[in-house]
K.L.:
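Encoded as C-alpha cells, here's the structure I'll be asking about.
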There are 2 protein chains.
Amino acid sequence: MRAAATLFTDVGYDETSTTKIATAAGVTTTTIYWYFADKDALLVAVLDHVLEAALAEAALHSQRPWADQVLWAVDRLERYRRLVTVVHARAPISESIGAWHDEFHRLVDSMMVDGFRDAGVPESDLDAMTKIGVFVVEGLLMHPQSEQDRRAVVTLLTGQTRRGSGSS
Amino acid sequence: MRAAATLFTDVGYDETSTTKIATAAGVTTTTIYWYFADKDALLVAVLDHVLEAALAEAALHSQRPWADQVLWAVDRLERYRRLVTVVHARAPISESIGAWHDEFHRLVDSMMVDGFRDAGVPESDLDAMTKIGVFVVEGLLMHPQSEQDRRAVVTLLTGQTRRGSGSS
DNA sequence: GGTTTTCTTGAATGGCGTACAAGAAAGGTA
DNA sequence: TACCTTTCTTGTACGCCATTCAAGAAAACC
C-alpha cells in the first residue's frame, strides 16, 4: 500500500489522485479510506516511512566529519524534493501535515545543533547557525544543484573554506 | 481583478477556487479565462505584480548596510509566504510557473551576488555564499521566526557576528 | 447603421476528494 | 456444524473544482 504511494515521491502529491493510488495498489479508493482518514493522513504515513528509513541509514554515518554528514543528507534526500515542497505548501492548511512538519523540524534542529556544536560553532551563534543549516539544506533539496555546487555550498556552510571551488 | 487575487496571498492558491476569485471580482469564472489562459497564468500575473512593487520599494533602501537590506527584504516579503511555498510546489509541474521561478532566481541571484561582494565576501566564495543567502531568505519566509531570531540569523549570515544574540 | 472586435455569460464536461450503506471474508465461540 | 461479530472491500453518489464552448452583449470603428 505504501509502496503504491511512491507516486507521491515521483509524480507529486497533487498530481496523484486517490484513484491512481488505489489502482496501483489493486484496490478501490474506498479501501484507502478505511486505513487512512484522508489523503493528508496517507501523506503523513509516507513521510514517516521515508524519514525512518533515512534516519536509519544516517546513523551509519554519524562518525564522519560534519560537512560529509550534511552533504550525505542532501544527496540522500534529494529524491524527496516533491515531498519537501508539498509539505511546506500544505503545512499551513492541514492540521496533520502541519503537526508532522513541526515535529520534523524539532528533530532536525536537534541534529543540526549537535553537528554544529561539535564542529566548533560558538554557543552564542548556535541557534542562528542551526536555522541557517536547516534552511540551506532545504534550499538545496528544493533547488537541485550540480555535484560541485552542492559541495561548495555545504563546504562554505560548515566553515571549512577549503579554497579552490570558486568560479569565473 | 488582480486586487481580487489578494486571495492567493492571504488564503492560498489551492484553497482559492476560480469561482471565489470571480465572485470577489464581480464577474464569472469564464470572464477570468478570457484574460488568463489558466489559473497558473493568473498566479504568474499576481507574482509579477507583487514582485514589481517590492522591487520598487527595495530600490529606496539600496544604500543601507547589506544586513539591513536583507532583513528589510525578509520583513517585507514575509506576507507572501503562501506564494513562496506554492511556487516551489508547482514549479516542477507548471511550465509557466517553472519559468517564472527560474527568472526570479536569476534576478535574486544577481542582487545577492552584488550585496555579498560589496560586503566583502571573497570572489571564490561568492557563488556558494549567494546560494546560501537565497536559501536562508526563502527559509525565513517559509518558516516565520520571531523578530530577534530573524535578526540573529541575518546577522550571522551577513558576517557581522555582533555578539550578544545567543540563547539559553 | 452596419460590421467587426472586444468582452461576458450560462451551461456543460470530466476529474477530484470523500461519505455511506451494503455486503464479503475472516475469526471466535457453541 | 452453525451463528455472530469484527474486519475489510466495494459500488454508488455528492459537491466542488478547473476548464471549454457556443451564444450573445458592449464597444469601437467606418
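By convention in this document, chain letters (A, B, ...) are assigned in the order of the sequence lines, proteins followed by strands, and residues within each chain are numbered from 1. Every heavy atom of this structure was used, including side-chain atoms; hydrogens, water molecules and symmetry mates were not.
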K.L.:
Do the side chains of B:V11 and A:I93 join up, straight or via other hydrophobic residues, at under 4.5 Å, putting them in one cluster?
P.N.:
no
K.L.:
What residues, two or more places apart in sequence or in another chain, satisfy salt bridge (charged side-chain N to carboxylate O under 4.0 Å, His left out) together with A:E15?
P.N.:
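A:R82.
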K.L.:
Enumerate the residues from residues 88-100 of chain B whose closest heavy atom to DNA chain D is under 4.0 Å, giving them by residue number; use none for an empty result.
P.N.:
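Per residue number, the list is empty: none.
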K.L.:
Donor-acceptor pair, B:S94 side chain versus B:A91 backbone, under 3.5 Å?
P.N.:
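Answer holds: no.
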K.L.:
Mark yes or no for whether A:Q145, through its side chain, and A:R150, through its backbone, hold a donor-acceptor pair below 3.5 Å.
P.N.:
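No, the answer is negative, given that no donor and acceptor are paired below the 3.5 Å cut-off.
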K.L.:
Heavy atom of residues 33-43 of chain A under 4.0 Å from DNA chain D: which residues?
P.N.:
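Hits under 4.0 Å, by residue number: A:W34, A:Y35.
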K.L.:
So which pairs with a foot in residues 119-145 of chain A pass ring-ring contact (aromatic ring centres under 6.0 Å, His included), sequence neighbours left out?
P.N.:
A:F135-B:H143, A:H143-B:H88, A:H143-B:H101, A:H143-B:H105, A:H143-B:F135
K.L.:
Test of understanding: with side-chain contact (heavy atoms from CB on, under 4.5 Å), list the residues that count as partners of A:W34, not counting sequence neighbours.
P.N.:
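side-chain contact (heavy atoms from CB on, under 4.5 Å) check on A:W34 returns nothing, list empty.
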K.L.:
Under a 4.0 Å threshold between the charged nitrogen and the carboxylate oxygen, would A:D109 count as salt-bridged to A:R106?
P.N.:
no
K.L.:
Quick check on contacts: within residues 22-30 of chain B, what sits under 4.0 Å from DNA chain D by heavy-atom distance?
P.N.:
B:T29, B:T30
K.L.:
Taking only residues two or more places apart in sequence or in another chain, which ones pass side-chain contact (heavy atoms from CB on, under 4.5 Å) with A:D14?
P.N.:
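Checked A:D14 against side-chain contact (heavy atoms from CB on, under 4.5 Å); matches are A:R90, B:D14.
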K.L.:
Check every nucleotide of DNA chain D for an atom under 4.0 Å from a heavy-atom of chain B, then give the first and the last such nucleotide from 5' to 3'.
P.N.:
D:dC17 to D:dC21
K.L.:
Output every pair passing side-chain hydrogen bond (donor to acceptor under 3.5 Å, both in side chains) with a member in residues 21-30 of chain A, not counting sequence neighbours, ordered by first then second residue.
P.N.:
none
K.L.:
Among residues at least two apart in sequence or on other chains, which ones pass ring-ring contact (aromatic ring centres under 6.0 Å, His included) with A:F104?
P.N.:
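A:F104: ring-ring contact (aromatic ring centres under 6.0 Å, His included) contacts with A:W100.
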K.L.:
Using the ring-ring contact (aromatic ring centres under 6.0 Å, His included) criterion, which residues pair with A:H49? Sequence neighbours excluded.
P.N.:
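Expected list: none.
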K.L.:
Could I get the full list of side-chain contact (heavy atoms from CB on, under 4.5 Å) partners for A:A24, not counting sequence neighbours?
P.N.:
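Only A:A4, A:L7 meet the side-chain contact (heavy atoms from CB on, under 4.5 Å) criterion with A:A24.
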K.L.:
Hey, does A:T31 reach any base, or is it just sugar-phosphate, or nothing, if we go heavy atoms under 4.0 Å?
P.N.:
base
